Amino acid sequence: MIIERLAWLVDERGVDPRHLLAMTFTNRAAGEMRTRLSERLGMRQVGAWLGTFHSFGLYVLRRESERLGRSRQFTVVDDGDQLSLMKRLVKDLPGKCAPVSPREALRWISVRKQDLKTPEEETAASRQDETCRLLWKQYHEALAKSNGVDFDDLLVLTAQLFHEHDEVRARYGNRFGYVHVDEYQDTNRAQYVIARELVRDHANLFVVGDEDQSIYAWRGATIRNILDFEADFPGARIYRLEENYRSTRTILNVANAVVAHNSQRLGKTLRTSREDTRPVRLYEAEDADEEARFVAEDIAAGGLSPRDTAVLFRTHGQSRLIEEALRHKGLAYVVIGGVSFFGRKEVKDLLAYLRLVVNPDDDQAVRRVLNVPNRGIGEHTLETIDAYAAERDCRLFSVLRDIEHDQTLPLRARDGAGRFVHIVDSLAEKAKSSPLATLVNLLLDDIGYRDYVKRSDERDFRTGLEIVEEFVSACVRFDEKKRGTLQTFLEELALASDADQLDPNAPAVKLLTCHSAKGLEFDNVYLIGLEEGFLPHASAFESESELEEERRLCYVAMTRARNRLTLSLARSRIVFGSRYGREPSRFLGEVPAALLEHLRPAGSGPKRGEAKPSAAPAADPARLTMGTQVRHAQFGPGVVMYTKGTGAKMRARIRFHTGRTREFMVSVAPLEILERKKP
DNA sequence: GAGCGAAACGAGGAT
DNA sequence: CGTTTCGCTC
């Protein structure tokens, strides 16, 4: 839709493409937009600014960095560094503070930042909130000192900049006379403010969104932006698009039936002219292995092209069994997201070195690789260095620089620090003239990283080495294609999203979460794990609004299918090492039975009677208390150490006679209460 | 300070 | 079940 509008503006209205701005959710979507626009306009599209909100923020912040009191060399911290920074802050918290987990604190802060709150104005409702508020200030301070920004800052600082410097806002507003936003239902307040400030002088704002596809409220997105659009921008014209060109009628009917159960919606019913009499299929598997086997066999037997097939799931963990089953069938597949390349230690280490080259103030990077590979600088020495830095109010790297003559430190630590500083310095010197790949190879040799990887992971060092080599080839590709700077390279990686990796034409089955499937479409879609606990996810059970978001997620997943949609669920699966029974998703009950074709496991009849652990009756939670003797179908006899929670959600930790302990969900675990002591 | 094995703890989604 | 942290020994 935005493409049509952009092309129309250039073609019919003669607008200079340099005045066009379109902000998308992922780089992949922006890239697709670029391709389609050049199909329409050829070279005339050059100059239009197409990208994500985050990359737009970065673009503005780089150009205006002096106004932010940050040097141009600031780096975007990754979530791992964010977490380790927060861990340190939590550990150093004064004793009187209420305990919070680093993850909780980061999330608490992120939600508020995206809402453009500040720690000063935040009113603390509880002692935990008070702690989080303190952590927020400290976190903010630490980031500023190490010349770093986090993801949220890319939006928040941009919004603040526009808000506080009217001439800056006017300059960008003037440059971009036509502003477009895709996936408007998933924008947060910071993104809303950026768009609003940009169009304040000309009101040329064009947004596309679907309230039923709002699936990122948990990340700070607010549906308010779409519901209040007319009030926010008086005189706005609304175009309702209820014709769907993607999915067949049966698929739409099923998806519509589910989302119609939401109360918080304006309501619409999608129409299509794509008739198809084939119903949506539902496969009810005995267990998760069988579900995976069904998917793989169905893909193999169905004659459906793997390249047009996607398997969607609620959580990354569900992909493993599917991968196994596909491999077993000899089917090619690609997994989008999950524990990816960038999550690997090797990649993080190398990136930390490269970030230091750009920004030596990056303390998180120093902490990560100062002793990688081992240089004799352990915890104790690091603490000393840390103390120096705090005392002189400077960064770790500058302490390392003049630590050589400090007699209070062990010789090997001084020596190691000296080598570390030298490596980074000489890399920085080389970075001025050498291509990225040369630089990285130099780094690998300087620190003996390949040997280090071999040593630290002897069992299958090849995987670690493979990651290193893959990283090097990524650098070579970057050199060949972009010829950009090291800083550009780091930025691209920082802003890359899982969905960007997807090559829709790869001759392989695509495995991805419902969330990362947003904005994509496939001929054949398998939506697996339609069970209570997955879809809706267990963490949404308590909240009506979260349940509705789960329902929208289900709707999004189903409507990714063009021609064929297959649903599946498992009646039991292994979680945390023990087998649990599973219930079909409540969303399935919301679909009229006539729309679904039930598939039964082939030859499941006789096997049904087979005893399986999940068939054991669950123990009555009320009778389980501390000291109760129980028997677990898998682990044998044991005694209840303690219980927590009540009713269906009660959990009990049990110490088995082997001495091991383990926690179970009482309502589903195959536990038997031993009334009498055994003779 | 490093290296090893044992225990503890933890999985929701992601730009 | 898989990964991180702990705690002990050298």
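Note that the structure is a prediction, hence the values are computed from the model and not measured. Letters go in sequence order (proteins before strands), and every chain restarts at 1.
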According to a strict under-4.0 Å criterion, is [X] in side-chain N/O contact with OP1 or OP2 of [N]?
X: R103(A); N: dA11(B); result: yes
X: K87(A); N: dT4(C); result: no
X: T315(A); N: dG12(B); result: no
X: H316(A); N: dA14(B); result: yes
X: T381(A); N: dG1(B); result: yes
X: N374(A); N: dG3(B); result: yes

Please classify the nucleic acid contact of [X] as base, sugar-phosphate, or nothing, using heavy-atom distances under 4.0 Å.
X: F534(A); result: nothing
X: S516(A); result: sugar-phosphate
X: R107(A); result: base
X: T513(A); result: sugar-phosphate
X: R412(A); result: sugar-phosphate
X: D79(A); result: nothing
X: F53(A); result: nothing
X: E183(A); result: nothing
X: N27(A); result: nothing

Rounded to whole Å, please give me the gap between [atom1] in [X] and [atom2] in [N].
X: M23(A); N: dT15(B); atom1: CE; atom2: P; result: 18 Å
X: D150(A); N: dA14(B); atom1: CG; atom2: C1'; result: 14 Å
X: Y59(A); N: dT15(B); atom1: OH; atom2: P; result: 24 Å

Exactly one candidate in D115(A), N188(A), D152(A) meets side chain to side chain donor-acceptor pair (under 3.5 Å) with S110(A); the answer is D152(A)
With the stacking rule set at 5.5 Å and 30°, tell me whether H537(A) counts as stacking on dG13(B).
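Not stacked: fails the 5.5 Å / 30° test.
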Determine, answering yes or no, if W218(A) is stacked on dG13(B) under the 5.5 Å centre rule and the 30° plane rule.
yes
Side chain to side chain donor-acceptor pair (under 3.5 Å) between N225(A) and T187(A), intermediate numbers included
CA-CA 7 Å; N225(A) 289 347; T187(A) 53; 3.0 Å; yes
Can you figure out which of [options] approaches the side chain of [X] most closely?
X: H515(A); options: dG13(B), dA11(B), dT5(C); value: dG13(B)
X: E546(A); options: dA14(B), dG1(B), dG12(B); value: dG12(B)
X: S539(A); options: dG12(B), dT15(B), dA14(B); value: dG12(B)

Go nucleotide by nucleotide along DNA chain B from the 5' end; which of G378(A) and Q114(A) gets its closest nucleotide reached first?
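Going by which nucleotide is closer to the 5' end, it is G378(A).
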Reading DNA chain B from 5' onward, which residue's closest nucleotide shows up sooner: R314(A) or L155(A)?
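Nearest-nucleotide comparison on DNA chain B picks R314(A).
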Indicate whether any N or O donor in one side chain lies under 3.5 Å from an N or O acceptor in the other, for D150(A) and Y139(A).
yes
How far, in whole Å, is dA11(B) from dC6(C) if one measures between their P atoms?
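Approximately 15 Å lies between the P atom of dC6(C) and that of dA11(B).
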Is it true that R571(A) and D287(A) make a salt bridge, defined as a side-chain N closer than 4.0 Å to a carboxylate O?
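Salt bridge flag = no for D287(A) with R571(A).
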Where does the angle between the aromatic ring planes of F25(A) and Y216(A) fall among parallel (under 30°), tilted (30 to 60°) and perpendicular (over 60°)?
tilted
Can you label the angle between the Y59(A) ring and the W49(A) ring as parallel, tilted or perpendicular, going by 30° and 60°?
tilted
